[in-house]
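Notes to accompany the following structure.
We're numbering straight along the sequence, starting at 1.
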Amino acid sequence: MGINDTFESGLELGLQITNEFINILQDDKSYQLKRIVILPDEIINEMKSNDNDNDNDNDNDTVLSVNDDIGKVQEVYLSKLGMKRMFLECYQCVYKDGNDDINALLGLLFITANDTTVMNKIVCKGYSDNYKLLITIGGYLTCSYDKTNKSSVLWTFFKKLFVSIHDNNVDNSSLLQYVIQVCLKSTLEHPRNYYACNSLRFFIASINNSHVWKEVIITILEFLRKFDDYSIWMVLLDSILNLKYNGFKYYRLEWERFGGICDCNNLKYDELKPILNDIYKDLKTFVLMVGPYGGLVLLKQLYLRLGIDEGLMVQLGDIIETHKNKNININDKLIYNMKRVYG
């Protein structure tokens, strides 16, 4: 029986594709970070026939999983026909059969990502392993399908799960690095993703350890060295300024609304200033070499708002003068963006 035959009215579909899809996302033997890509059926079939080392041991030709050992990401490919079949499976299970199977609910949430009814069913039903649920939703948020990637419902759910796990653990450094990577990966799929950037601020606000704070800031800077995203530069700026001025007040209130206890107020700007000064030196070298607009805005605001690097304006003036005299070959992008930022 072909897959199209199973779409006939009255035929029991089961949850074959749905279960396989969810199981791949929750596979803890592979990389935690997932990337879901929706592809035409022909491409999936071609990849399936050419790749004998993928993680699928059945005859299902709609889902394919491949580990990217360079990017440390598990690529999960789903065909368009498979996505349609998964929706039909889940819809029949939940709404026709009245069975709130957790995988069926998760399948529906992937395809109809702003459906608060489905999310509330998942919350009410409960889940035996919140961490597996977190990495499932994290997989959704790195999806190439923008209606899923940019779903406010999914991002809120992701943050709630993080709070629940965070407040019940002693060491959350690995958990924090994971959710930070999800946010960054999401902006790669859809640059300047508002929900991803807002969530990134939220997660940074949860940090109450200076060593972890340094690691996270360095992770974000390493990302920006490869992928210039103005919104991420502004997240970095806001996160530093928040330490100085309001102690992440908005995000601490949001944390409490999710039922958690946020102790991020333990971090003080004065204590982190030596760490920030060290990071700033490398940051400045990179920005003045490459010239990203967001990076130049960050340098200017740190100088104006926090008084970091009193010699910055003099150095920038020297760079512009040197460019005018054409004594050295200077990055045109740097000069163009400097004029935009500094006038």
Side-chain angles (χ1 to χ4, degrees), residues 25-28 30-36 71-74 76 106 109-110 113 119 122-123 127 129-143 148-190 192-209 211-224 227 229 231-232 234-236 238-239 242 248 250-252 254-264 267:
L25 292 181
Q26 296 184 349
D27 178 17
D28 57 6
S30 185
Y31 297 117
Q32 290 178 318
L33 197 61
K34 318 292 180 181
R35 177 175 179 264
I36 304 171
K72 305 298 182 185
V73 175
Q74 184 181 17
V76 182
L106 287 172
L109 192 61
F110 171 68
M119 190 187 79
I122 295 173
V123 173
Y127 200 73
D129 189 337
N130 272 350
Y131 185 73
K132 283 195 173 183
L133 187 54
L134 179 84
I135 63 174
T136 302
I137 303 302
Y140 292 1
L141 295 174
T142 58
C143 179
T148 299
N149 184 296
K150 294 183 176 182
S151 164
S152 60
V153 170
L154 285 182
W155 281 107
T156 299
F157 193 25
F158 190 59
K159 288 189 286 188
K160 286 182 177 178
L161 287 168
F162 173 80
V163 170
S164 173
I165 298 170
H166 180 282
D167 283 358
N168 288 292
N169 283 350
V170 176
D171 182 6
N172 288 293
S173 54
S174 297
L175 173 68
L176 185 65
Q177 282 289 350
Y178 169 70
V179 295
I180 295 294
Q181 291 290 352
V182 168
C183 294
L184 296 176
K185 189 69 178 174
S186 181
T187 61
L188 274 184
E189 295 298 327
H190 301 283
R192 300 195 180 192
N193 183 337
Y194 167 80
Y195 297 107
C197 292
N198 179 268
S199 297
L200 185 54
R201 290 182 176 91
F202 177 84
F203 296 132
I204 294 173
S206 73
I207 302 173
N208 57 13
N209 178 286
H211 176 70
V212 175
W213 185 86
K214 180 181 179 180
E215 285 185 340
V216 168
I217 297 302
I218 289 175
T219 296
I220 296 173
L221 286 174
E222 287 175 350
F223 174 86
L224 288 169
F227 311 103
D229 189 308
S231 295
I232 301 297
M234 293 304 98
V235 169
L236 192 58
D238 289 347
S239 299
N242 259 296
F248 299 99
Y250 172 81
Y251 298 103
R252 284 190 286 115
E254 186 178 18
W255 192 284
E256 291 169 5
R257 287 199 299 272
F258 292 156
I261 303 172
C262 186
D263 53 359
C264 61
L267 276 184

Heavy-atom distance under 4.5 Å between the side chains of [X] and [Y], does that happen here?
| X | Y | value |
| --- | --- | --- |
| Thr142 | Leu188 | no |
| Gln181 | Thr219 | yes |
| Glu215 | Ile220 | no |
| Phe258 | Ser164 | no |
| Val179 | Leu200 | no |
| Phe157 | Val123 | yes |

Quick one: list whatever passes side chain to side chain donor-acceptor pair (under 3.5 Å) with Arg201, sequence neighbours left out.
Asp238
Under the side chain to side chain donor-acceptor pair (under 3.5 Å) test, which residues partner Glu222, sequence neighbours left out?
none
Would you check if the distance from the ring center of Trp155 to the ring center of Tyr140 is below 6.0 Å?
no
For the residue pair [X] and [Y], what are the closest heavy atoms and their distance?
| X | Y | answer |
| --- | --- | --- |
| Ser151 | Ala113 | OG-O, 2.7 Å |
| Ile36 | Gly139 | CD1-O, 3.4 Å |
| Arg192 | Asp229 | N-OD2, 3.1 Å |
| Gly138 | Tyr178 | CA-OH, 3.5 Å |

Would you check if the side chain of [X] reaches a backbone N or O of [Y] as a donor-acceptor pair within less than 3.5 Å?
| X | Y | result |
| --- | --- | --- |
| Asn149 | Cys143 | yes |
| Asn172 | Leu175 | no |
| Thr187 | Asn193 | no |
| Ser199 | Tyr195 | yes |
| Thr148 | Phe110 | yes |
| Ser186 | Val182 | no |

Evaluate Lys150 against Tyr194 for side chain to side chain contact (heavy atoms under 4.5 Å, CB included), listing each step before the verdict.
CA-CA 8 Å; Lys150 294 183 176 182; Tyr194 167 80; over 6 Å; no
Nearest-0.5 Å distance, [atom1] of residue [X] to [atom2] of residue [Y]:
| X | Y | atom1 | atom2 | value |
| --- | --- | --- | --- | --- |
| Lys159 | Arg257 | NZ | CZ | 8.5 Å |
| Met234 | Cys197 | CE | SG | 10.5 Å |
| Ile137 | Lys160 | CD1 | NZ | 12.5 Å |
| Leu221 | Ile232 | CG | CD1 | 11.5 Å |
| Asn242 | Ile204 | CG | CD1 | 10.0 Å |
| Asn198 | Phe203 | CG | CZ | 9.5 Å |

Regarding Lys34 and Gln74, do their side chains bring together a donor and an acceptor under 3.5 Å, going by distance alone?
yes
From Asn130, Ile135, Asp129, residue fulfilling side-chain contact (heavy atoms from CB on, under 4.5 Å) relative to Leu133
Asn130
Let's go through Leu154 and Phe158 carefully: what are the C-alpha distance in whole Å and the side-chain angles of both, what is the deciding distance for side chain to side chain contact (heavy atoms under 4.5 Å, CB included) to 0.1 Å, and is it a yes or a no?
CA-CA 6 Å; Leu154 285 182; Phe158 190 59; over 6 Å; no
Please step through side chain to side chain contact (heavy atoms under 4.5 Å, CB included) for the pair Leu224 and Leu236, ending with a clear verdict.
CA-CA 10 Å; Leu224 288 169; Leu236 192 58; 4.3 Å; yes
Take the angle between the ring planes of Trp255 and Phe202 and call it parallel below 30°, perpendicular above 60°, tilted in between.
parallel
Go through Leu33 and Lys72 one step at a time and tell me if the side chain to side chain contact (heavy atoms under 4.5 Å, CB included) criterion holds.
CA-CA 7 Å; Leu33 197 61; Lys72 305 298 182 185; over 6 Å; no
